[in-house]
K.L.:
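Encoded as structure tokens, here's the structure I'll be asking about.
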Amino acid sequence: MYAYLKKSKQSFDALPPAIAALMTVIVNYGGTFVLVFQAAKIANLSPELTASWVWASSIGVGLTCIFLSWRTREPIITAWSTPAAAFLIIALPTVSYAEAIGAYLVSAALFIVLGLSGYFEKVIRLIPPGIAAGLLAGILLQFGIGAYAVINVEPLLVVLMVLSYLVLRRSAGRYAVAGMMIVGLIWLILQKRLDLSSIELIVATPVFITPVFSWNALLSIALPLFLITLTGQYIPGMLVLRNDGFKTSASPILTLTGLGSLLFAPFGSHAINIAAITAAICTGKEAHQDPAKRWIAGVIAGVLYILVGIFGVTLATLFMAFPTAFITALAGIALIGTISSSLTAAISDSASREASLITFLASASNITLFDRGGAFWGLLIGLAAYALLSTNFSMKTK
């Protein structure tokens with residue numbers, strides 16, 4: 001009897017990471033995958049090629065997510081490159097699709113080389129913890145604010161989700177986020193906001209595209225894709241892991257995700273990389289109080305990605321059918337714990353406190369100059385502030 005109860009407790013203990021994984025997948029497909037559909041539409045891709053893109057991205061992300069999380073026993077959450085997908089909306093119409101596939105392959109090869117070289121790991125280690133925490137808090141702040149801003153759009157839904165989170169946080173702390181998500185879904189069902197009657201599970205068929213290599217695609221797609229993914233995904237993604245105490249080297253992550261990108265690029269996947277924003281849902285305390293058990297969320301997320309990939313556009317479209325307010329509130333409320341811990345870490349070290357706060361403010365302002373996002377500029381400004389404030393540099397007046 002005791003053994004049965006112990007086993008049941010262990011099984012139930014897997015619920016928090018499973019819910020965290022589900023939320024990660026819902027937020028990714030419901031919040032960012034629309035960019036892939038937009039890029040495919042603007043590039044005039046056929047439904048078959050679009051479905052293949054969904055298949056390649058989902059299966060590639062799922063396999064790398066499972067392998068890295070299982071191998072490292074850390075929640076290594078992978079994803080497609082969101083900033084790169086936004087970039088492709090503009091870039092894809094300028095080249096043929098075969099040339100774009102060739103550019104994807106070149107970009108993937110660059111990540112493999114960078115991972116094998118070990119230089120990226122050295123760069124990550126040079127970033128002070130306070131600066132990293134300030135960067136993460138600044139990036140996530142927009143999502144936290146967004147969760148409450150959508151009260152103007154869906155007041156009853158969002159208020160209900162916030163209240164359920166607060167009540168459950170007090171009475172059943174570790175299951176507050178899961179309960180909040182369930183309450184939101186029940187409300188949508190009762191309001192008949194989720195119409196599943198027309199959903200048909202259709203197995204996706206991958207389409208192989210023979211790549212074409214050209215200097216035009218190399219300069220206009222491959223190199224920008226590499227730089228945008230590196231600064232917009234890998235740097236903040238690795239800092240998310242570091243912020244929650246996980247120390248896995250960046251080199252094998254870069255190498256394996258680069259290899260995944262290389263293998264799935266001919267089927268349409270533009271980039272497979274470590275996740276940034278959605279990763280924080282699985283790396284923090286909300287996924288599990290014990291950090292040693294959070295890797296389970298990575299494996300479950302990988303399995304869910306593969307399921308979506310098998311059924312291609314069908315399930316991706318299903319996730320995108322959730323109201324925007326629900327997705328926004330879900331992400332923002334789920335990240336409250338991570339935002340709190342990041343802000344605490346950013347101001348805990350008096351030596352780097354001011355530079356960390358500057359990093360936080362610069363990242364939160366979401367600067368977009370020269371096709372570089374807020375993460376890049378926030379980190380650059382923060383490191384400059386840290387260098388000036390932590391040395392003997394000073395201006396003396398007489």
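Sequential numbering from 1 along the given sequence is applied to the chain's residues.
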K.L.:
Is there a path from I182 to L22 through hydrophobic residues (I, L, V, M, F, W, Y) whose side chains come within less than 4.5 Å of each other?
P.N.:
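No; L22 is not reachable from I182 via cluster members.
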K.L.:
Say whether, by atom type as modelled, one donor and one acceptor occur between the side chain of S52 and the main chain of V207 under 3.5 angstrom.
P.N.:
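Between the backbone of V207 and the side chain of S52 there is a qualifying donor-acceptor contact (under 3.5 Å).
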K.L.:
Flag the pair S117 / L114 as yes when at least one side-chain heavy-atom distance between them is below 4.5 Å, and no otherwise.
P.N.:
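Counting from C-beta outward, S117 and L114 do come under 4.5 Å.
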K.L.:
Pair V95, V212 - check side chain to side chain contact (heavy atoms under 4.5 Å, CB included), show working.
P.N.:
CA-CA 10 Å; V95 299; V212 173; over 6 Å; no
K.L.:
Ignoring hydrogens and geometry, is there a side-chain-to-backbone donor-acceptor pair from S46 to L49 under 3.5 Å?
P.N.:
yes
K.L.:
Are L160 and M23 linked, directly or through intermediate hydrophobic residues, by side-chain heavy-atom contacts shorter than 4.5 Å (ILVMFWY only)?
P.N.:
yes
K.L.:
Taking the side chain from T229 and the backbone from F226, do they hold a donor-acceptor pair closer than 3.5 Å?
P.N.:
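Looks like no, no N/O pair under 3.5 Å.
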K.L.:
Using side-chain heavy atoms (C-beta onward) and a distance below 4.5 Å, is I77 in contact with C65?
P.N.:
yes
K.L.:
Under 4.5 Å between any side-chain heavy atoms of Y386 and T359, yes or no?
P.N.:
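With C-beta onward as the side chain, the pair stays apart.
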K.L.:
Between V308 and S58, what is the shortest heavy-atom contact and its length?
P.N.:
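Looks like CG1-OG, 4.2 Å.
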K.L.:
Please find the pair of heavy atoms, one from P93 and one from I42, that lie closest to each other, and give the distance.
P.N.:
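Heavy atoms only, the tightest pair is CG-CG2, 3.3 Å.
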K.L.:
Say whether, by atom type as modelled, one donor and one acceptor occur between the side chain of T64 and the main chain of V61 under 3.5 angstrom.
P.N.:
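Checked: pair present.
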K.L.:
If you measure from the Lys or Arg side-chain nitrogens to the Asp or Glu carboxylate oxygens, is any gap between E74 and R242 under 4.0 Å?
P.N.:
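Salt bridge absent between E74 and R242.
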K.L.:
Check S220 against A91 and note the closest heavy-atom contact, atom names and distance.
P.N.:
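What the structure gives for the nearest pair is O-CB, 4.4 Å.
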K.L.:
Check this for me: E121, atom CD, are more than 12 non-hydrogen atoms of other residues, nucleotides or ligands nearer than 6.0 Å?
P.N.:
yes
K.L.:
Can you name the nearest heavy-atom pair linking L254 to G115, along with the distance?
P.N.:
CB-CA, 3.7 Å
K.L.:
Could you grab the distance from atom CG of L256 to atom OG1 of T72, nearest 0.5 Å is fine?
P.N.:
10.5 Å
K.L.:
Is there a path of hydrophobic side-chain contacts, each under 4.5 Å between heavy atoms of I/L/V/M/F/W/Y residues, joining I274 to V240?
P.N.:
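In one cluster: yes.
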K.L.:
Taking I272's backbone N and O only, do any of them form a donor-acceptor pair with S261's side chain (distance below 3.5 Å, no angle check)?
P.N.:
yes
K.L.:
Rounded to the nearest 0.5 Å, what's the gap from OG1 on T78 to CZ on F67? Could you check?
P.N.:
12.5 Å
K.L.:
Any donor and acceptor pair, going by atom type alone, linking the side chain of T255 with main-chain N or O of P252 inside 3.5 Å?
P.N.:
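Looks like no, no N/O pair under 3.5 Å.
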K.L.:
Kindly indicate whether the side chain of F111, heavy atoms from C-beta on, has any atom under 4.5 Å from the side chain of L230.
P.N.:
yes
K.L.:
With the side chain counted from C-beta on, respond yes when I76 and F246 share a heavy-atom pair under 4.5 Å apart, and no when they do not.
P.N.:
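Side chain of I76 against side chain of F246, heavy atoms only: no contact under 4.5 Å found.
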K.L.:
Please name the residue in the list F264, W80, W53 that meets the ring pair (Phe, Tyr, Trp, His ring centres under 6.0 Å) test with H270.
P.N.:
W53
K.L.:
Above 12 or not: heavy atoms from other molecules or residues under 6.0 Å from OH of Y119?
P.N.:
no
K.L.:
Quick check: does any side chain N or O of S107 sit under 3.5 Å from a backbone N or O of Y104, one acting as donor and the other as acceptor?
P.N.:
no
K.L.:
Report yes if the side chains of L241 and I253 come closer than 4.5 Å at any heavy-atom pair, otherwise no.
P.N.:
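They are in side-chain contact.
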K.L.:
Do W295 and L15 share a hydrophobic cluster (ILVMFWY, side-chain heavy atoms under 4.5 Å, transitive)?
P.N.:
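Shared cluster, yes.
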K.L.:
Would a hydrophobic clustering, with Ile, Leu, Val, Met, Phe, Trp and Tyr connected at side-chain separations under 4.5 Å, put M180 with I186?
P.N.:
no
K.L.:
For S340, is there any backbone N or O sitting under 3.5 Å from a side-chain donor or acceptor partner on T344?
P.N.:
yes
K.L.:
With a 4.5 Å cut-off on side-chain heavy atoms, are F326 and M161 touching?
P.N.:
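Yes, their side chains come closer than 4.5 Å.
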K.L.:
Is the closest side-chain heavy-atom distance between I347 and F360 below 4.5 Å?
P.N.:
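Side-chain contact under 4.5 Å: no.
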K.L.:
Taking all non-hydrogen atoms of both residues, which atom of A355 and which atom of A385 are closest, and how far apart?
P.N.:
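Minimum heavy-atom contact is CB-C, 4.0 Å.
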K.L.:
Which heavy atom of A147 sits nearest a heavy atom of G332, and at what distance?
P.N.:
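Here A147 and G332 meet closest at CB-CA, 3.7 Å.
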K.L.:
Output, in order, the C-alpha distance, side-chain angles, deciding distance and verdict of side chain to side chain contact (heavy atoms under 4.5 Å, CB included) for L163 and V183.
P.N.:
CA-CA 10 Å; L163 287 177; V183 168; over 6 Å; no
